[in-house]
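What follows is a short report on a single structure.
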Amino acid sequence: MFKNVIVKKPGKSYVNGLTTSNLGKADYDLLLKQHAAYIEALKTCGVSVTELEASEEFPDSCFVEDAAVLTPEFAVITNPGADSRNGEIVEIEQTLKSFYNTFHYINAPGTLDGGDVLQVDDHFYIGISERTNEAGAKQLKDILEANSYQATIVPLKEFFHLKTGIAYLQNNLIVVAGEFVDHPDFEHYDKIVVSDSDEYSANCILVNDYVIIPKGYEETNRKINEAGYETIELEMSEFQKQDGGLSCLSLRF
Ligand code: CIR
């Protein structure tokens, strides 16, 4: 069970942040509404929410997941792969000090974004992407393996981050899209397969008794319901415009 989440309010500079999408400029007022709904959904899931103030100097800093990797025993402060985002780790480490005593760090030349890390019980998958390099992935693997976790490094072919295309629910069940559908590393899982046109909905999050998924993906929603989960659907349009998904917006622990 997750007890806590950390989220961060998007600043006005959000609309000028990093993106590869061609979905247009984000609408800041709508973005704030969507962010508030995200926080409400998390509260419905029974977690205590720590909300950090907006930081104009870091346009992408609402995507807090990229700055840390958390286990019940320790926090790993990442070394985010985008220069404009690297300074985000300072506030996240400071905030996590209220919750954690043990910290590990990803150090240069290693880079790593939390969005490239998927936890499946005591096994972590670490993507190598535009943001996470081999050295960063290897550092995290070593930290995890030294602490009784298993870790597998997965070089990505197409996805932006590992979790852009995969989520773990429970009981060996994963939600997968694109390059992960037939990927040998995920062969032994039961799968909810998301079609290419609905790929964005593969980034969903299980938070205690609910799966939070983006609104507008009926087939994914139905399949998750059929697997026995209650879902909460959220409008995510303004986050999608900046390459962000549901998992990126919180640190859950
Ligand atoms: C970025 O390019 O870093 C942000 N615009 C989006 C980050 C999304 N984070 C994630 O998928 N974990």
Side-chain angles (χ1 to χ4, degrees), residues 2 4-21 26 28 31-32 34-36 38-39 42 47-71 74-100 102-119 124 126-133 135-137 139-140 143 156 159-164 203 205 236 238-253:
F2 293 119
N4 294 292
V5 302
I6 295 170
V7 299
K8 185 170 167 71
K9 190 173 175 179
K12 291 198 176 72
S13 62
Y14 172 89
V15 301
N16 300 316
L18 301 172
T19 187
T20 60
S21 87
Y28 185 62
L31 173 80
L32 289 186
Q34 293 181 353
H35 197 253
Y38 182 75
I39 291 172
L42 289 170
V47 291
S48 166
V49 180
T50 299
E51 187 181 4
L52 305 177
E53 288 303 318
S55 303
E56 295 305 336
E57 70 272 39
F58 295 116
D60 291 291
S61 56
C62 64
F63 298 119
V64 288
E65 169 182 77
D66 292 318
V69 175
L70 303 177
T71 75
F74 57 87
V76 182
I77 303 300
T78 67
N79 188 24
D83 288 345
S84 66
R85 300 201 56 193
N86 206 264
E88 294 174 21
I89 57 177
V90 175
E91 184 185 29
I92 295 297
E93 179 177 6
Q94 199 53 43
T95 307
L96 286 170
K97 281 189 174 155
S98 305
F99 299 97
Y100 282 92
T102 307
F103 285 81
H104 299 278
Y105 299 88
I106 304 300
N107 295 307
T111 62
L112 184 124
D113 277 13
D116 280 317
V117 182
L118 173 75
Q119 183 174 5
F124 285 77
I126 309 166
I128 294 181
S129 68
E130 291 278 309
R131 300 288 176 83
T132 297
N133 64 17
Q139 285 177 36
L140 180 60
I143 293 164
L156 306 188
F159 282 125
F160 172 48
H161 278 132
L162 181 89
K163 272 185 291 195
T164 309
N203 183 269
I205 49 174
M236 290 291 291
E238 306 316 294
F239 296 107
Q240 192 173 10
K241 285 176 182 171
Q242 300 299 116
D243 292 338
L246 284 161
S247 72
C248 334
L249 287 172
S250 58
L251 283 163
R252 304 165 293 281
F253 55 105

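- Inspection of the N86 and N79 side chains reveals an N or O donor paired with an N or O acceptor under 3.5 Å.
- In this structure, L52 and E91 have side chains that are in contact, with non-hydrogen atoms separated by less than 4.5 Å.
- Considering only heavy atoms from C-beta on, P59 stays 4.5 Å or farther from N16 through its side chain.
- Atom CD of Q139 sits about 8.0 Å away from atom CG of N133, to the nearest 0.5 Å.
- Considering every non-hydrogen atom in both A26 and K241, the closest pair reads CA-CD, 3.7 Å.
- One finds the CG atom of D243 at 8.0 Å from the CZ atom of F63 (value rounded to the nearest 0.5 Å).
- Residue E53 places its CD atom among 12 or fewer non-hydrogen atoms of other residues, nucleotides or ligands, all under 6.0 Å distant.
- Taking every heavy atom of both residues into account, F103 and I77 meet most closely at CD2-CG1, 3.8 Å.
- The structure places CD of E51 at 12.0 Å from OG of S250, a figure rounded to the nearest 0.5 Å.
- Residues A67 and I92 share a closest heavy-atom pair of CB-CG1, 3.6 Å.
- Under 4.0 Å is where a charged nitrogen must lie from a carboxylate oxygen, and between K8 and E88 no such pair does.
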side-chain contact (heavy atoms from CB on, under 4.5 Å) for L70 and L96? Distances and angles first, verdict last.
CA-CA 10 Å; L70 303 177; L96 286 170; 3.8 Å; yes
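- Annotation: side chain of L251 is not in contact with side chain of T95 (no heavy-atom distance under 4.5 Å).
- The side-chain hydrogen bond (donor to acceptor under 3.5 Å, both in side chains) with S247 is formed by just one residue from the set D66, T164, N203; it is N203.
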Are F74 and I143 close enough, and set up right, to give a side-chain contact (heavy atoms from CB on, under 4.5 Å), and what steps lead you there?
CA-CA 10 Å; F74 57 87; I143 293 164; 3.9 Å; yes
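- Nearest heavy-atom pair across G245 and M236 is C-CE, 3.5 Å.
- Note: K163 NZ to I205 CD1 = 9.5 Å, rounded to the nearest 0.5 Å.
- Between the side chain of E56 and the backbone N or O of S13 there is at least one donor-acceptor pair closer than 3.5 Å.
- Aromatic ring centres of F239 and Y38: separated by at least 6.0 Å.
- Other residues, nucleotides and ligands contribute only 12 or fewer heavy atoms inside 6.0 Å of the CD atom of E130.
- The backbone N or O of G17 lies less than 3.5 Å from no partner atom in the side chain of D60, so there is not a single donor-acceptor pair.
- Closest non-hydrogen pair, L156 versus S129, comes out as CD1-CB, 3.9 Å.
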Please test E238 against V15 for side-chain contact (heavy atoms from CB on, under 4.5 Å), starting from the C-alpha separation and ending with a verdict.
CA-CA 9 Å; E238 306 316 294; V15 301; over 6 Å; no
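- The closest donor-acceptor contact from the side chain of D116 to the backbone of L162 lies under 3.5 Å.
- Using a 4.5 Å cut-off on side-chain heavy atoms (C-beta onward), V69 and I126 make no contact.
- Interatomic distance, L18 CG to R85 CZ, rounded to the nearest 0.5 Å: 7.5 Å.
- For Y100 (side chain) and T71 (main-chain N/O), a donor-acceptor pair under 3.5 Å exists by modelled atom type.
- Shown here for G11 and Y28, the closest heavy-atom pair between the two residues is O-CE1, 3.1 Å.
- Here the straight-line distance linking atom CG of L249 with atom CD of E65 works out to 8.5 Å at 0.5 Å rounding.
- Contact check for V49 versus V7: side-chain heavy atoms found under the 4.5 Å cut-off.
- The shortest side-chain heavy-atom distance between T78 and D113 does not fall under the 4.5 Å cut-off.
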